[in-house]
Each structure stands twice: as C-alpha cells, then as structure tokens.
Colleague: 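One structure coming up, written as structure tokens, with questions to follow.
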Amino acid sequence: MGELLALLSMMLFAINMIVTKMATSRLSLTIGFFISASVNIIFSTCLFAVDYMLKGEVQPFHLTAFMLFLVSGVFTTFLGRWFFFETIERLGPAKASTFQTSNPLFTVLISWAVLGESLSVSKWFAVIIVLSGLFLVNYVKPRQELTEVTNAADSEIAVSRQKGWNVPRTLFHPYIVLALLSSLSYAIGNILRGTAIQQWNEPILGALIGAVVGLLLHMTFSMKISTIANQIRKADRRGFWLYVISGTITITAQILYIASMKLLPVSIATVINMSTPILVLPISYFILKNQEGITWRTLLGVLMVLAGINVIILM
C-alpha cells in the first residue's frame with residue numbers, strides 16, 4: 001500500500017511540472033504561488049473535514065510532530081516550491097524534474113555532515129555518478145544559439161561557457177543553484193515530515209499545516225498584500241486556472257507522499273516519489289514539443305542520476 005501511495009504521488013508531481021510550466025508562461029510566479037498555496041489550504045481543509053466526518057475523530061495532538069510539520073512547511077511549501085517554480089520556468093519541467101531526483105542525495109549528505117553517519121566507497125561513487133548525470137542534463141554546446149527548441153536558460157549557460165568553459169561553471173550557474181536549493185529544501189522538509197508522521201498519523205493535517213506556513217511566509221516576504229485582489233482581477237484567466245489545478249494536484253500529492261512515509265522508510269518513499277523524469281521526459285517532449293531541447297545527453301544524464309540515487313538507497 002505504501003508503494004502505491006508513493007507511486008500515485010510521483011505521478012501527480014510529474015503532471016504538476018507540466019501544468020506549472022504552462023502556467024508560468026501566462027502568469028507571474030509571485031501571484032501564481034499565492035494562488036497555488038491558497039488552493040492548497042482550501043482543498044486540504046475540505047479533505048480534512050471529510051476525513052473527520054468519516055472517521056469521527058482526530059489523532060491525539062502531538063506537540064513535537066506539530067512543530068515538525070510547521071517547520072517542514074518553511075522548507076517545502078515556501079522555499080522548496082518557490083525555488084522549484086523558478087527552476088521550471090527557467091530550465092523547463094524535464095530538467096527540473098531531474099534535479100529534483102537529487103533529493104535523496106542531499107538526504108545522505110545531510111546525514112553524513114550533520115548526523116555523523118559514515119559514507120561507504122560505493123555511496124561516494126554514487127554521489128559522483130549523480131553529479132555527472134546532472135552535468136550531462138544541463139550540458140549545452142558552447143556555441144549553441146537560441147532556437148525554437150532551446151530555452152533561454154540553456155543559451156545563457158552556453159554563452160557563459162564561451163567565457164571559460166568548465167564543469168564548476170556549469171554546475172554552479174545561478175539557474176542550477178536554484179534547482180539544487182529546491183532539492184535541498186525538499187530534502188530537509190521530507191526528513192522533518194517523515195519524523196512527524198511516525199509520531200502523529202495525520203497526513204492531511206500535516207500537509208495543511210505546511211501549506212498555511214508557506215502561504216504566510218510568501219505573503220510576508222514576497223508580495224504586497226494590498227495588491228493581491230487587483231493582481232487576481234487582472235490575471236490571465238487561463239493562467240489563473242492552471243495555478244488552481246496546480247494547487248489541487250500538489251496538495252494531493254503531498255498528502256499521499258506523507259501518508260506513504262508512515263508505511264515505508266522515508267528513503268524508499270523518496271526514491272519512488274523522485275522518479276518523475278520517467279514520466280516528465282516523454283510528456284515534455286511530446287506535449288511541449290521538446291521546447292527544452294532534450295538530447296541523448298539529457299537522457300543519459302537522467303539515467304545516470306536515477307542509477308546513482310538507487311545505489312544510494314539500496315546500499
């Protein structure tokens with residue numbers, strides 16, 4: 001059952017990447033984030049109400065778990081999603097989904113750096129494989145020009161390489177840093193969520209708490225509250241509804257993911273959930289007509305990342 005929940009969550013996250021790419025081309029991320037997070041809260045509140053009516057009770061309150069869900073909202077709904085939306089807009093859904101698979105990599109590195117857990121030679125080798133795969137995913141020929149199938153981010157990276165092409169410049173380009181920060185934020189948030197759900201089995205309420213925190217932080221630091229109503233009135237209608245769909249999909253995926261962590265080890269639930277490139281690559285290629293310029297290097301990079309992540313998990 002846990003595997004099925006994680007798989008359904010992965011499918012929803014994959015669909016959301018395509019929806020978000022379509023939405024960002026019509027409406028700014030600032031108001032889009034607000035719409036998406038608001039829908040998160042509304043939809044999860046309705047689900048919680050239905051769940052309460054069916055079960056007739058709520059799990060006894062657990063303060064530590066509540067605080068963990070609260071802090072996880074900072075890293076997932078606020079930081080993780082903001083960085084992720086930026087990544088999708090700048091790199092496209094296929095490449096963004098591949099960088100998201102580095103989530104377990106950060107989990108392992110956090111355990112090594114903060115918790116003092118040791119890393120075997122095989123895990124270090126897997127880390128190198130993942131980094132090499134991410135490099136290939138982001139590879140653009142130095143003199144590649146902007147075309148209908150090459151996005152602006154790839155062209156900017158290509159130009160920067162002409163000034164001194166090297167691997168560090170590729171891996172630490174601002175757009176790539178955005179993608180990795182998103183993955184790191186989600187990794188921290190998922191560790192917190194996985195710990196919380198073991199102590200307080202309320203996945204819907206946990207997702208709702210995180211959504212409320214994320215929206216409040218976004219309204220505090222990223223937008224002027226007085227202009228919200230005006231921005232929504234002037235918003236592109238199709239873009240608006242795409243973000244509404246995105247909000248519904250993301251909160252459902254989060255609830256399923258959190259629920260799967262109760263039944264599976266966090267690492268296993270994560271590796272299933274982060275396998276989105278398997279679906280996003282073909283969807284992006286055919287529906288978005290390969291706007292990202294997917295090549296054999298991209299495919300090879302995705303396979304290397306997935307292989308490296310699976311070695312990390314299985315070892």
Side-chain angles (χ1 to χ4, degrees), residues 1-2 5-6 9 13 33-34 36-84 103-104 106-117 181-222 225 247-248 250-270 272-274:
M1 186 63 179
L5 293 175
S9 174
F13 276 126
F33 188 107
F34 173 82
S36 177
S38 297
V39 172
N40 283 172
I41 295 172
I42 296 170
F43 191 69
S44 57
T45 299
C46 293
L47 286 179
F48 181 71
V50 172
D51 183 62
Y52 178 75
M53 287 188 291
L54 293 175
K55 294 193 304 185
E57 62 178 1
V58 179
Q59 292 287 320
F61 181 75
H62 196 291
L63 179 60
T64 302
F66 175 82
M67 294 304 298
L68 288 171
F69 278 130
L70 202 69
V71 178
S72 73
V74 177
F75 287 100
T76 54
T77 307
F78 180 54
L79 293 175
R81 185 181 301 184
W82 187 83
F83 287 134
F84 186 51
N103 187 320
F106 282 114
T107 302
V108 170
L109 292 178
I110 290 170
S111 299
W112 169 69
V114 179
L115 304 179
E117 296 183 1
L181 284 174
S182 171
S183 186
L184 173 60
S185 298
Y186 277 122
I188 296 172
N190 289 335
I191 291 173
L192 296 172
R193 283 173 167 176
T195 304
I197 197 65
Q198 297 302 323
Q199 301 174 3
W200 195 27
N201 190 22
E202 288 289 348
I204 299 177
L205 194 55
L208 173 59
I209 293 168
V212 171
V213 172
L215 180 60
L216 290 176
L217 289 173
H218 178 67
M219 293 174 65
T220 301
F221 297 107
S222 303
I225 299 177
T248 306
T250 53
I251 196 65
T252 305
Q254 286 179 36
I255 292 169
L256 292 172
Y257 182 35
I258 294 172
S260 73
M261 291 188 218
K262 178 65 176 178
L263 304 173
L264 294 172
V266 175
S267 58
I268 300 300
T270 299
I272 295 174
N273 191 260
M274 290 298 108

Colleague: I41 versus L208: any side-chain heavy-atom pair under 4.5 Å?
Modeller: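 Counting from C-beta outward, I41 and L208 do come under 4.5 Å.
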
Colleague: Give, for atom NE2 of H218 and atom CG of L79, the distance between the pair rounded to the nearest 0.5 Å.
Modeller: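 CG of L79 is found 12.5 Å from NE2 of H218.
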
Colleague: Do I251 and V39 touch side chain to side chain, with heavy atoms closer than 4.5 Å?
Modeller: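 Of all side-chain heavy-atom pairs linking V39 with I251, none is under 4.5 Å.
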
Colleague: Any non-hydrogen side-chain atom of W200 less than 4.5 Å from a side-chain atom of T64?
Modeller: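 With C-beta onward as the side chain, the pair stays apart.
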
Colleague: Does any N or O in the side chain of N40 come within less than 3.5 Å of the main-chain N or O of A211, such that one atom is a donor and the other an acceptor?
Modeller: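 No; judged by distance alone, with no hydrogens or angles, the pair does not exist.
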
Colleague: What's the separation between atom CD1 in I204 and atom CD1 in I209, rounded to the nearest 0.5 Å?
Modeller: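 Spacing of CD1 (I204) from CD1 (I209) equals 12.0 Å.
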
Colleague: Does a side-chain heavy-atom distance below 4.5 Å link L5 with L263?
Modeller: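 A side-chain contact exists here, since the closest heavy-atom pair is under 4.5 Å.
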
Colleague: What are the two closest heavy atoms between S260 and A6, and how far apart are they?
Modeller: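 That closest heavy-atom pairing would be CB-N, 3.8 Å.
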
Colleague: Minimum heavy-atom separation for P203 and I197, please, with both atom names.
Modeller: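 So the two residues come closest at N-CD1, 3.7 Å.
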
Colleague: So do the side chains of V58 and E202 get within less than 4.5 Å of each other, counting heavy atoms only?
Modeller: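 A side-chain contact exists here, since the closest heavy-atom pair is under 4.5 Å.
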
Colleague: Using side-chain heavy atoms (C-beta onward) and a distance below 4.5 Å, is F78 in contact with L216?
Modeller: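 Counting from C-beta outward, F78 and L216 never come under 4.5 Å.
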
Colleague: One pair to check against side-chain contact (heavy atoms from CB on, under 4.5 Å): L184 and F83. What are the steps and the verdict?
Modeller: CA-CA 10 Å; L184 173 60; F83 287 134; over 6 Å; no

Colleague: Heavy atoms only: give me the nearest L215-A37 pair and the separation to one decimal.
Modeller: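 For L215 and A37, the tightest heavy-atom pair comes out as CD1-CB, 3.8 Å.
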
Colleague: Quick check: closest heavy atoms across S9 and A253, and the distance to 0.1 Å?
Modeller: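 The answer is OG-O, 2.9 Å.
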
Colleague: Taking only residues two or more places apart in sequence or in another chain, which ones pass ring pair (Phe, Tyr, Trp, His ring centres under 6.0 Å) with F66?
Modeller: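 Here the qualifying residues are F61.
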
Colleague: Under a 3.5 Å distance rule, please check whether S72 uses its side chain to pair with a backbone N or O of F69 as donor and acceptor.
Modeller: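 Confirmed, S72 side chain pairs with F69 backbone.
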
Colleague: What are the two closest heavy atoms between V213 and G73, and how far apart are they?
Modeller: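 Minimum heavy-atom contact is CG1-C, 4.2 Å.
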
Colleague: CD1/I191 to CE/M261 distance, rounded to the nearest 0.5 angstrom?
Modeller: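 Nearest 0.5 Å value for the CD1-CE distance: 10.0 Å.
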
Colleague: Between CZ of F43 and OG1 of T252, what distance do you get to the nearest 0.5 Å?
Modeller: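 Output value for this atom pair is 4.0 Å.
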
Colleague: With the side chain counted from C-beta on, respond yes when F13 and Q254 share a heavy-atom pair under 4.5 Å apart, and no when they do not.
Modeller: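 F13 reaches Q254 side chain to side chain.
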
Colleague: Can you tell me which residue pairs pass the side chain to side chain donor-acceptor pair (under 3.5 Å) test with a partner in residues 48-60, sequence neighbours excluded?
Modeller: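 The answer is D51-K55.
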
Colleague: Rounded to the nearest 0.5 Å, what's the gap from OG on S182 to CZ on F75? Could you check?
Modeller: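 Spacing of OG (S182) from CZ (F75) equals 13.0 Å.
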
Colleague: Please walk me through it: do Y186 and F84 pass side-chain contact (heavy atoms from CB on, under 4.5 Å)?
Modeller: CA-CA 10 Å; Y186 277 122; F84 186 51; 4.1 Å; yes

Colleague: Please tell me if the side chains of S185 and T76 come closer than 4.5 Å, counting only heavy atoms from C-beta onward.
Modeller: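 The answer is no, as the side chains (C-beta and beyond) never meet within the 4.5 Å cut-off.
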
Colleague: Listing request: all salt bridge (charged side-chain N to carboxylate O under 4.0 Å, His left out) pairs with a residue in residues 70-83, at least two apart in sequence or in separate chains.
Modeller: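 Every pair satisfying salt bridge (charged side-chain N to carboxylate O under 4.0 Å, His left out) with a residue in residues 70-83: there are none.
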
